Amino acid sequence: MLHTIVDSFLRDALQRINAPADVVLAFEYPRQEGFGHLSTTVAMALARSLRQNPRAIAQSIVDALPPSIEGVESVSVAGAGFINFTFTPSAFQSVMRTLQSRGDELGSSTIGRGTSVNVEYVSANPTGFLHAGHGRNCAVGDTLANLYRWCGYDVTREYYFNNAGNQMNKLGESIMVRLLQRLGQGDAVFPEDGYHGEYISTIADQIAQTQRDVVDTMTRDELHAFCRKQGELWCFDAIRATLKTLGISHDVFFNEDSLYTDGKVEATVAALRSLGLVYEHEGATWLALTKLGQPQDKVIIKSSGEPTYRLPDIAYHRDKLERGFDVIVDIFGADHIATIPDVLAGVQALGFDTSRVRVVIHQMVTFLENGEIVKFSKRSGTSFTLDDLIDEVGADVVRFFFVMRAVGTHLEFDLALAKEEGDRNPVFYLQYAHARICSILRRAAEKGLRPAIDTNLDVLTHRAEIDLILALSRFQETVERACGNLEPHTLCDYLRDLAGYYHAFYHDCRILGEAVEVEQARLALADLTRVAMKNGLTILGVSAPEQM
RNA sequence: GCGCCCAUAGCUCAGCUGGAUAGAGCAGCAGCCUUCUAAGCUGCGGGUCGCAGGUUCGAAUCCUGCUGGGCGCGCCA
């Protein structure tokens, strides 16, 4: 945004000093005070190819610039060869004018226009409740999907599940045994590694109460299938309800089973076989991954005839690519890390460009309650569900805490901090900034004042005003970068900074009761900040309260 | 044994794809409300960027090797 003021002048200057045409004109925002508002490292980047001292190059670039550029207060060479620009207040005022013209779309981008993307996340099988640890996948996936949408991509949110596997059979069996016990037919033995949660009995009770007569006519096999189906429906209802609380809803629920009924699994095996990548060994069917540069071959169809997860996963990715998505994003926990290379190798062997597939692997989560690690496990009675977590800390905090750290690092979720409704909690810091702005706007409205986009901005010259406008000007590029790099946490950091600049502005620059021009201009700036905060929080799936 | 991830202030973490004196928040200390929300602002202290080499004008960032922690390595998903 700011760089557009000097961009073309710099390019001309580079041409004048005979710099290679392909040099990247990179900008950065100096953190340190005294280094201006914007700087470029292009002189350092040229040092090698020009075989010159970077400082000397920087000076010759500066010398090749026009003596004065509109909006630029000063240009200087500093450090190892930085070229630093300081802009005039009027440059910031015109930046603000541009930002205002974006209206409610502030922060959105068109870089993804015409590109379709499929984001697959959550994807837990319907065998029970989502547990607290699932929260990271939910929040990261949904925030990324939001980021893609804000960048103009055509986004499909997809949930991949399997209602026909081993685990589902155990779920059905667990429910069936509980049901038979209810009905006084207690001869059935509860499966060794069955599901022990209370919900199993709940589902069984429900069946006993409402479907008793149907159940009585069934064979054991029929009953098992019936219980499995009832369990699936019940669990999916529970999962959907949890997701809804977090503001998450998927466009497509893709059933792995459909890959079999549509013949897509078989077709995938055939295609791999025709490439000479499939062979039989000890009754099983193997995929020759070593021919694809992988460390070892893997079984894709067990000697029992059942495929392993690898095969449908390859068929699934092939299907997604064939559905025409330009970009496929998979959100996985670190425990799935080993499967990805196999799937990608298989898909690539089938002739697809795997650079279209982008995999986000997030590390595991540890929950801390006053310094102690909270243990939870899925099948024992001590399970800590995502619903429990939401009940304890609220949906906003859940969404924010799960995305506020880089996905590649282990996440420590401090429950005590999350529960605090005070200044230690980063979520409230952001929401408070938004609520504070809304409060001023309400007061202004009582006086008949409204933020206007055509108001005179000349009076905005205070340091705190300039800093705030500069921060606002970085909103869109922050969204683009968070999306492009698949790093949603950078948006959290940005909003923290933005809120900080607003609070400083609020502290230093009184709005209501000042001279009319000042009042109007500052009100417009506050309102612009409100839109940015609101949009940023919306992308994160966090509410932006107007009052706190 | 092998693969991937991580290691930065007392604690939790950023660090914009290699740049300036490595930054926030929290915790600690000291200030700021007769005026728009003090859930806020300002200031201070706090560092061998795990260790050892290498690459170059320049490394927390890239390469190699260690150390320590996490997740995986199945005819489970």
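Since the model is a prediction, treat every value here as computed from it, not as a measurement. FYI, side chains are in, hydrogens and waters are out, and symmetry mates aren't considered; it's all heavy atoms of this structure. Proteins get letters first, then strands, A, B, ... in listed order; numbering begins at 1 in each.
Here A:E306 lies out of heavy-atom contact (under 4.0 Å) with every strand. Note on A:E477: nothing from the nucleic acid sits closer than 4.0 angstrom, heavy atoms only. Using a 4.0 Å heavy-atom criterion, one finds that A:S304 contacts no nucleic acid atom at all. A:T409 comes within 4.0 angstrom of sugar-phosphate atoms only, judged by non-hydrogen atoms across all strands, and of no base. At the heavy-atom level, A:C438 lies nowhere under 4.0 Å from the strands shown. Among the protein residues, A:A435 comes within range of the nucleic acid bases, having at least one heavy atom under 4.0 Å from a base atom. Base engagement by A:R510 is indicated by at least one non-hydrogen atom pair under 4.0 Å involving a base atom. Nucleic acid contact class of A:H489 (heavy atoms, under 4.0 Å, all strands): sugar-phosphate only. Using a 4.0 Å heavy-atom cutoff across all strands shown, A:D297 reaches no nucleic acid atom at all. Residue A:H410 is in base contact, counting any heavy-atom pair closer than 4.0 Å across all strands shown. Residue contacts shown for A:G165 are absent, as no nucleic acid heavy atom lies under 4.0 Å away. Residue contacts for A:S303: at a heavy-atom cut-off of 4.0 Å it reaches a base atom on one of the strands shown. As judged by a 4.0 angstrom heavy-atom cut-off over every strand, A:F428 is placed among the base-contacting residues. Residue contacts shown for A:E421 include a base, since a base heavy atom lies under 4.0 Å away.
Between the P atom of B:rG72 and the CG atom of A:D342 lies a distance of 16 Å, rounded to the nearest Å. Atoms CD (A:E519) and C1' (B:rC36) sit 10 Å apart, rounded to a whole Å. When the C1' atom of B:rU12 is taken as reference, atom CZ of A:F367 falls 15 Å away, rounded to whole Å. For A:I511 and B:rC41, the CD1 to P distance is 15 Å, given to the nearest whole Å.
Side-chain to base pairing of A:D497 with B:rA14: no donor and acceptor N or O lie closer than 3.5 Å to each other. Side chain A:Y432 to base B:rA39: no donor-acceptor pair is found below 3.5 Å. Counting atom types as modelled, A:S39 pairs a side-chain N or O with a base atom of B:rA20 as donor and acceptor under 3.5 Å.
Under the 6.0 Å distance and 45° angle rule, A:R436 does not count as a cation-pi partner of A:Y502. A cation-pi geometry, defined here as NZ or CZ lying under 6.0 Å from the six-membered ring centre and within 45° of its normal, holds between A:R496 and A:Y429.
A:F35 qualifies as a stacking partner of the B:rA20 base, centre to centre under 5.5 Å and near-parallel within 30°.
Judged by closest nucleotide on RNA chain B, A:N485 is the one of A:R310 and A:N485 placed further toward the 5' end.
The nucleotide whose nearest atom lies closest to any side-chain atom of A:R436 is, among B:rA38, B:rG70, B:rG15, B:rA38.
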